[in-house]
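These notes are about the structure you will find just below.
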Amino acid sequence: MEVQFQFITDPEALEKACEEMSDAADLGFDVETTELDPYKGDLRLVQLSDGRRTKVIDLYAFRKFGGLATQTELAPLRKLLAAERPKKIAHNAKFDAKWTRHHLGVETGGLYDTYLASVLIGAGTGERRHGLADVVQFFLQKTLDKTEQVSDWGAEDLTQAQAEYAARDAAVMPELKAKMEERIAADGLRDVLKLENECVMPVAEMELNGFFLDAERWRQQLAVKEAEQAAAGKELQSMLAAGVAQASLFGTTEINLDSQQQVAAALSGLGIPMPASTSRWQLQPLAEKYPQIAKLLEYRAAAKAAGSFGENILEFIEPKTGRIHADFRQIGAPTGRFSCSNPNLQQIPHEDVYRRCFRAEEGNKLVVADYSQIELRILAEMSGDAAFIAAFESGADLHAATAARVFGVEPDAVTPDQRSFAKRLNFGVVYGIGAQRFARMTGLSDREAENALRRYFASYPQMDEWLRVRSKEVISSRAARTMSGRLAKIELDPADRASVGAAQRYARNMPIQGTSADILKRALRLLHDRIRETSARLVNIVHDEIVVECAAADAETTREILVDAMTRAGEEFIKKVPIKVDAAIADEWTK
DNA sequence: GTGAAGGGCCAC
DNA sequence: AAACGTGGCCCTTCAC
């Protein structure tokens, strides 16, 4: 693939090029950098292409004019990037948006991400990869050579091959987008792609913002957990010693307490009847009778804390900012949920000892807001169940209202036990729980659990019907959708009962979990547009929760903006049930 | 040595 | 040894 391009190294040429490109409807947009992390490396090239004319801008040539983020020589480029039109077509646009935001000081407008488009079209099948070369091959039947991708982009003089590679990646984007749009339309993915594209910039900024972690507090907490682990480990070793087959003449009876095999063998050696697995739910019932089991569970909890939530997380603090800049995958699950890694800020334990380490910096506040029972409200909306909707509309305690119906008592006569059963039913039904599992969970007999489920669905007949239709339709459609139109293709083998069951539970759960993700993403965009000129910064999201940091003086205003954005986003999708958002202003990430 | 797989467990 | 959905991280075990 041969691409003509202009290599730009001076302000006059840049201004002319930006003027030339400004009339295009779509511009391919790409950058080349010396590192993957914008806090660690240089932004070397910015490439723009309308498909015919391609500009490769060498930012090293502009360093002589001063800092890139503020210099006036780059103003034409900033203006072009900031504009809603032309659209900027990029593959994994979050990357390009982060680098240009951080190094050029500009928020890119009109982003269109061919990576996210490809993932949406893939609909969770995993049957093809979504790298640019893969996507270009699949949609355009053209082969892209990516060997220059990892070349030295910090070299004073770039090679011809590097410049051509850079130009070509940008030049292919408009054509790729045009081709993908046909498929997006045919698959009914227009709305959800718009939702995703509008969410890229908020996510890019969130990653740049990072979340402040008080390292001192974290270390103090960690020291406590490490001491607990050491103490529990020592006690457990001596309790197990008698059950360990003599290892050597030197008589060492120490075993690896992190090895299920060795621990299970030692416990068996003590005459303890061991279940097939050593997972907590299996061992818990044995803990009362056997102190060794109780000690093992104590050791495991401390080991988990010291391992997954230990020193490792401190290593993610970026020295330049003193904050944690985790990676958020915008379509982390086929349902549309985000995933998070390096580190995963969506799995920090609830306990205050951990959460209080994530806090606002001096002079700032956190605003923490989450949707109240959003998945159950979505289920009410999608199923249109009159009784379920009425329970939400009354504003009364949903779980108590459910208990009253299931147990056939007056709402104010519901016992705490009954409410607890109803709560677990309400949450379980979202996951497609079965009677057996519900029985294990609650301690009811299988018979009683079946009856409880039967009464539950009798109480909410339209919900029952909606869930049944999802189960039935997936057999032929092999697909499910959220309210935004997000698609999940579902594989199943009709001859295999387990596969059919799994597909049916997924087909019932995906529209609910995925619509929740749709709503959150819409909220992120609305929030982003309203906090742009304020002190507020998005710092974390956890499925139905948004955390914003702002100047202390702006906290009340920020809380109102956040609640309003989340509520409006919810109301765009949910019409029959009220949306409820709980929000708090705090110094720390606690509720 | 390195990496995949599986167990176990944290979040929503 | 979960027939309750979605993730990621740490650890051991085992194959290459």
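Every heavy atom of this structure was used, including side-chain atoms; hydrogens, water molecules and symmetry mates were not. Keep in mind the model is a prediction, meaning the values are calculated, not measured. In what follows, chains are A, B, ... by sequence order, proteins preceding strands, each numbered from 1.
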Does the ring center of Phe427(A) lie less than 6.0 Å from the ring center of Tyr431(A)?
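No, too far apart.
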
Using atom [atom1] of [X] as one end and atom [atom2] of [N] as the other, report the distance to the nearest whole Å.
X: Ile374(A); N: dA11(B); atom1: CD1; atom2: P; result: 21 Å
X: Gln513(A); N: dG5(C); atom1: CD; atom2: P; result: 11 Å
X: Asn509(A); N: dC12(B); atom1: CG; atom2: P; result: 16 Å
X: Arg329(A); N: dA11(B); atom1: CZ; atom2: C1'; result: 17 Å
X: Asp327(A); N: dG7(C); atom1: CG; atom2: P; result: 17 Å
X: Gln221(A); N: dC10(B); atom1: CD; atom2: P; result: 14 Å
X: Gln282(A); N: dG8(B); atom1: CD; atom2: P; result: 9 Å
X: Phe328(A); N: dC12(B); atom1: CZ; atom2: P; result: 14 Å

At under 4.0 Å between heavy atoms, what does [X] touch on the DNA or RNA strands: base, sugar-phosphate, or nothing?
X: Gly428(A); result: nothing
X: Gly432(A); result: sugar-phosphate
X: Pro275(A); result: nothing
X: Arg424(A); result: nothing
X: Ser516(A); result: nothing
X: Arg497(A); result: base
X: Leu345(A); result: nothing

Consider the side chain of [X], meaning its heavy atoms from C-beta on, and name the nucleotide among [options] that approaches it most closely.
X: Tyr506(A); options: dC11(C), dG5(C), dC9(C); answer: dG5(C)
X: Ile433(A); options: dC4(C), dA11(B), dC11(C); answer: dC4(C)
X: Ala333(A); options: dG5(C), dA2(C), dG7(C); answer: dG7(C)
X: Ala276(A); options: dG7(C), dC12(B), dA1(C); answer: dA1(C)
X: Arg440(A); options: dG8(C), dA2(C), dT6(C); answer: dA2(C)

Considering all heavy atoms, the nearest Ala369(A)-Val581(A) contact:
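Of all heavy-atom pairs spanning Ala369(A) and Val581(A), the closest is CB-CG1, 4.1 Å.
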
[N] OP1/OP2 closer than 4.0 Å to side-chain N/O of [X]:
X: Arg437(A); N: dC4(C); result: yes
X: Ser277(A); N: dA2(C); result: no
X: Ser339(A); N: dG8(C); result: yes
X: Arg505(A); N: dG5(C); result: yes
X: Arg300(A); N: dC9(B); result: yes
X: Arg337(A); N: dA11(B); result: no
X: Asn344(A); N: dG7(C); result: no

Minimum side-chain heavy-atom gap [X]-[Y] below 4.5 Å:
X: Val119(A); Y: Glu196(A); value: no
X: Lys295(A); Y: Gln292(A); value: no
X: Leu213(A); Y: Leu314(A); value: yes

Using five pairs at each end of the helix from dG1(B)-dC16(C) to dC12(B)-dG5(C) to define an axis, what is the angle between those two axes, to 10°?
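Comparing the first five pairs with the last five, the axes sit 0° apart.
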
Please figure out whether Val430(A) or Ser279(A) has its closest DNA chain C nucleotide nearer the 5' end.
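Mapping each residue to its closest nucleotide by heavy atoms, the 5'-most match is Ser279(A).
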
Does Gln347(A) or Met441(A) map to a spot on DNA chain C nearer the 5' end, using the closest nucleotide for each?
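It is Met441(A) whose nearest nucleotide is closer to the 5' end.
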
For Glu198(A) and Arg522(A): C-alpha separation, side-chain torsions, deciding distance, then whether side-chain contact (heavy atoms from CB on, under 4.5 Å) applies.
CA-CA 8 Å; Glu198(A) 289 180 349; Arg522(A) 181 62 182 147; 3.5 Å; yes

Please state the C1' separation for the pair dA4(B) and dC4(C) - nearest whole angstrom.
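That atom pair is separated by 27 Å.
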
Kindly say whether Ala435(A) contributes a backbone atom to a donor-acceptor pair with the side chain of Asp446(A) at under 3.5 angstrom?
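Flag not set: sc Asp446(A) to bb Ala435(A) has no pair under 3.5 Å.
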
Donor-acceptor pair, distance only, cut-off 3.5 Å: does the side chain of Thr515(A) make one with the backbone of Met483(A)?
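Indeed, once roles are kept as given, a pair shorter than 3.5 Å links the two residues.
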
Distances under 3.5 Å only, N/O to N/O: pair up the protein atoms with those of nucleotides 13-16 of chain C.
residue : atom : partner   : partner atom : Å
dT13(C) : OP1  : Ser259(A) : OG           : 2.7

What I want to check is whether the side chains of His399(A) and Gln373(A) have a donor and an acceptor closer together than 3.5 Å.
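The criterion, which ignores hydrogens and geometry beyond distance, is satisfied for Gln373(A) and His399(A).
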
Full working for side-chain contact (heavy atoms from CB on, under 4.5 Å) between His543(A) and Leu520(A)
CA-CA 7 Å; His543(A) 307 307; Leu520(A) 185 88; over 6 Å; no

Can you find a donor-acceptor pair, distance only, under 3.5 Å between Lys304(A) side chain and dC9(B) base?
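Indeed, a donor on one side and an acceptor on the other fall under 3.5 Å apart.
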
List the steps and the verdict of side-chain contact (heavy atoms from CB on, under 4.5 Å) for Leu120(A) and Leu487(A).
CA-CA 7 Å; Leu120(A) 290 176; Leu487(A) 176 67; over 6 Å; no

Taking atom CZ of Arg129(A) as the centre, does the number of heavy atoms from other residues, nucleotides or ligands within less than 6.0 Å exceed 12?
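Open.
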
